[in-house]
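These numbers come from the heavy atoms of this one structure, side chains and all, not from hydrogens, waters or symmetry mates. Quick caveat: nothing in here was measured; it's all calculated off a predicted structure.
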Amino acid sequence: MATKYIFVTGGVASSLGKGIIAASLARLLKARGYSVTNQKLDPYINIDPGTLNPYEHGECYVTEDGAETDLDLGHYERFTGVPTSQANNVTTGRIYKNVIEKERRGDFLGKTVQVIPHITNEIKDRITALGNTGNYEFVITEIGGTVGDIESYPFVEAVRQLKWALGNNCIVIHLTYIPYLAAAGELKTKPTQHSVKALQQQGVQPDIIVCRTEKPLTRSVREKIGLFCNITGDCVIEDGDVSSIYEVPIKMRDEKLDVQVLNKLNVPLKNEIDLTKWEAFLYRLHNPEKEVNIALVGKYVELPDAYKSISEAFIHAGAELRCKVKVRYVNSEQLNEENITERLQGITGILVAPGFGTRGIEGKIMAVRYARENKIPFFGICLGMQCAVVEFARNVLGYADAHSVEIAPSTTHPVINMMEEQKNISNMGGTMRLGAYPCRLEKGSKAYEIYGTEMISERHRHRYEFNNQYIDEFRKAGMIPTGFNPETGLVEIVEIPEHPYFVASQFHPEYKSTVMHPHPLFIAFVKAAMNFRANQ
């Protein structure tokens, strides 16, 4: 079967959930036995989100091959279990950079380089290459932003050209908003009509319209949308509000989104759809038997999307254990000796989050000490591990000025040092230690017990590392490095065996947690929090 291409566009308003619809459709097609991958086209001119402030863009998600990407790729992986790569996230910045580099090399033989055909050809090449190289039966490509945004015009134009060239092998799904006016007591379709007209003005006719709505769509509303938007009422799909994003695939199955997609693409219904395991996950999620309160200590807590993969990993682990994980976001910048007991009252586990820079660092270190001294289950990730090392060096080893050279370059005890290969790097974008690296676990360690194997692979995003000159001192004092990169000796995991549960990792385990395969470190941490609460 020739690869089929599905495009998901949005209109009326942003943040309607194009990524969730794209991921849900991929889940449904995969549940029918098809091979599927998701792709995100982002209109911003940054090469990638790696240098963007989380307040601007939310979490920066990292793939196995070390690409810094949009957080929607995290949704794709969590829903489908299919790893993504650099090819799955394309930005305007990357497109223009590649075209300009080709022009500088003379690839265009002196021709005038223009948006059409050169930019649109580059976009089309990025879309079709994913289908050709990955041997996928379906490529679902989400276009960021909303129709009418000036930044997204080249992407929509590329879709128009592909739709013409690929014929029955290509369809467009348009996500819109149907507002409910309480004063009138009715749903209003006009915003959707205008949104579709804006798409039609760019030469693209949607094949299916998915409608975000707070009220159920009546048959007459569906028919009205279909009449004004040139589709049948059966191709108007209701996307109502749900308590969890993981319910969306079930709603889309009930609305027969996958059936309409396959019909439009002239693809037979390969198998009966099987969402048994997904529904079992939802049952466990909605019927917890226990509850824990986890403090997530970080500096971006006003925007939970900055820690999206962590919060989702807690959902996966909690469902696995039939435990509701209530996450309390604690601003590390506001923590001090006077209020820390109050801010962490009732907490059964403390996670110190990843991040960069000086802001809020002392609050994170203080939270580590609170967890260590009060025997509260602790989990540190990336900078969270580094804070754990600094706290131990200060308060157990007695090195009062111990720090990371990122924060205090002149410290006399640089227990966290810059990685050797990072010292001569000046460019910020895409230059950190990124992607999956192997780690060997010490037999008999807590990490080895959790993973059940000696060799693991986890994803990274950092420039600084544990300073191995201090390993012996830490071992003797009770903080044990138990995970090492087998090639460089870089410390990947530290533990305190005398503590009920104190584990910290240099890598980011949250990136690999999915609905079907919750991450073992998150499961172990939630278990420890459950035990702590039971023993209080």
Side-chain angles (χ1 to χ4, degrees), residues 4-26 29 36-44 70-73 75-76 88-92 95 115-116 119-120 123-124 126-128 130-131 138-166 169-178 189-213 225-226 228-231 235-239 248 252 255 257-258 260-261 264-265:
K4 308 294 183 179
Y5 294 89
I6 303 166
F7 295 96
V8 180
T9 60
V12 181
S14 59
S15 301
L16 291 180
K18 294 189 300 298
I20 301 301
I21 289 296
S24 297
L25 176 58
L29 293 175
V36 190
T37 191
N38 289 86
Q39 184 181 49
K40 176 75 179 288
L41 304 182
D42 268 314
Y44 54 77
D70 183 80
L71 61 79
D72 274 320
L73 271 73
H75 290 313
Y76 303 158
N88 294 80
N89 192 198
V90 181
T91 68
T92 291
I95 291 294
V115 173
I116 302 173
I119 297 297
T120 51
I123 295 169
K124 290 188 294 183
R126 291 304 188 95
I127 295 166
T128 55
L130 190 56
F138 292 89
V139 174
I140 303 174
T141 300
E142 172 195 352
I143 298 178
T146 55
V147 170
D149 294 345
I150 192 168
E151 296 95 339
S152 65
Y153 267 59
F155 289 122
V156 176
E157 171 59 22
V159 171
R160 184 193 70 79
Q161 294 177 23
L162 278 173
K163 206 165 188 294
W164 177 260
L166 295 172
N169 290 328
C170 173
I171 64 168
V172 173
I173 298 172
H174 191 54
L175 176 65
T176 70
Y177 178 54
I178 305 289
T189 66
K190 193 63 70 177
T192 290
Q193 294 177 42
H194 284 305
S195 176
V196 170
K197 280 183 170 56
L199 190 59
Q200 291 169 335
Q201 286 171 351
Q202 292 180 248
V204 176
Q205 167 63 46
D207 300 278
I208 296 170
I209 297 175
V210 177
C211 301
R212 276 300 304 273
T213 176
I225 293 170
F228 282 98
C229 299
N230 299 335
I231 62 174
C235 290
V236 177
I237 305 295
E238 178 188 307
D239 181 18
V248 178
M252 292 302 100
E255 284 286 302
L257 174 61
D258 59 314
Q260 293 296 341
V261 165
K264 290 287 184 182
L265 292 168

State plainly whether the residues Lys264 and Asp207 are in salt-bridge range, i.e. N to O under 4.0 Å.
-> no

Do you know the tightest heavy-atom contact between Thr92 and Phe155?
-> OG1-CE1, 3.3 Å

Do Ser24 side-chain atoms and Ile20 backbone N/O form a donor-acceptor pair below 3.5 Å?
-> yes

Taking the side chain as every heavy atom from C-beta outward, state whether Ile171 and Phe7 have any atom pair closer than 4.5 Å.
-> no

Donor-acceptor contact below 3.5 Å, side chain Glu157 vs main chain Val115 = no

Side-chain contact test, heavy atoms from C-beta onward, threshold under 4.5 Å: evaluate it for Gln161 versus Ile116 and give yes or no.
-> yes

Any Thr141 side-chain heavy atom under 4.5 Å of Val8 side chain = no

Can any side-chain N or O of Tyr177 pair as donor or acceptor with the backbone N or O of Thr213 at less than 3.5 Å?
-> no

Are Asn89 and Lys40 close enough that a side-chain donor and a side-chain acceptor fall under 3.5 Å?
-> no

Are the side chain of Glu142 and the backbone N or O of Ala22 linked by a donor-acceptor pair below 3.5 Å?
-> no

His174 pairs by side chain to side chain contact (heavy atoms under 4.5 Å, CB included) with which of Val210, Val147, Thr192?
-> Val147

Working for side-chain hydrogen bond (donor to acceptor under 3.5 Å, both in side chains), residues Asp149 and Thr146 | CA-CA 6 Å; Asp149 294 345; Thr146 55; 3.1 Å; yes

Looking only at heavy atoms, the pair that brings Gln202 and Gly148 closest together is OE1-N, 3.8 Å

Check whether any side-chain heavy atom of Leu199 lies under 4.5 Å from a side-chain heavy atom of Pro206, and answer yes or no.
-> yes

Pairwise distance CG(Asp42) to CG(Leu73) - rounded to 0.5 angstrom = 9.0 Å

How close do Ile225 and Cys211 get, heavy atom to heavy atom, and via which atoms?
-> CD1-SG, 3.9 Å

Can you find a pair of side-chain heavy atoms, one from Ile231 and one from Ile208, that are under 4.5 Å apart?
-> no

Nearest heavy-atom pair of Gln193 and Cys229: which atoms, and what distance?
-> CA-SG, 4.2 Å

Any idea which heavy atoms bring Ile143 and Lys18 closest together, and the distance?
-> O-CE, 3.0 Å

Which atom pair, heavy atoms only, marks the closest approach of Ala158 to Ile123?
-> CB-CG2, 3.6 Å

Do the side chains of Leu25 and Val36 get nearer than 4.5 Å, heavy atoms only?
-> no

Pairwise distance OG1(Thr128) to OH(Tyr5) - rounded to 0.5 angstrom = 5.5 Å

Drop me the distance from Ile140's CD1 to Asn88's CG, to the nearest 0.5 angstrom.
-> 11.5 Å

Go through Lys4 and Val139 one step at a time and tell me if the side chain to side chain contact (heavy atoms under 4.5 Å, CB included) criterion holds.
-> CA-CA 6 Å; Lys4 308 294 183 179; Val139 174; over 6 Å; no

Do the side chain of Asn38 and the main chain of Tyr76 share a donor and acceptor less than 3.5 angstrom apart?
-> no

NZ/Lys124 to CD1/Ile119 distance, rounded to the nearest 0.5 angstrom?
-> 12.5 Å

Would you say Ser195's side chain and Pro191's backbone share a donor-acceptor pair under 3.5 angstrom?
-> no

When rounded to the nearest 0.5 Å, the distance separating CD of Gln200 from CZ of Arg160 is 14.0 Å

Value rounded to 0.5 Å, distance of NZ in Lys163 from CD in Gln205 = 7.0 Å

Side chains of Thr9 and Val172: does their closest heavy-atom pair fall under 4.5 Å?
-> yes

Just wondering, do Val261 and Ile173 contact through their side chains at under 4.5 Å, heavy atoms?
-> yes

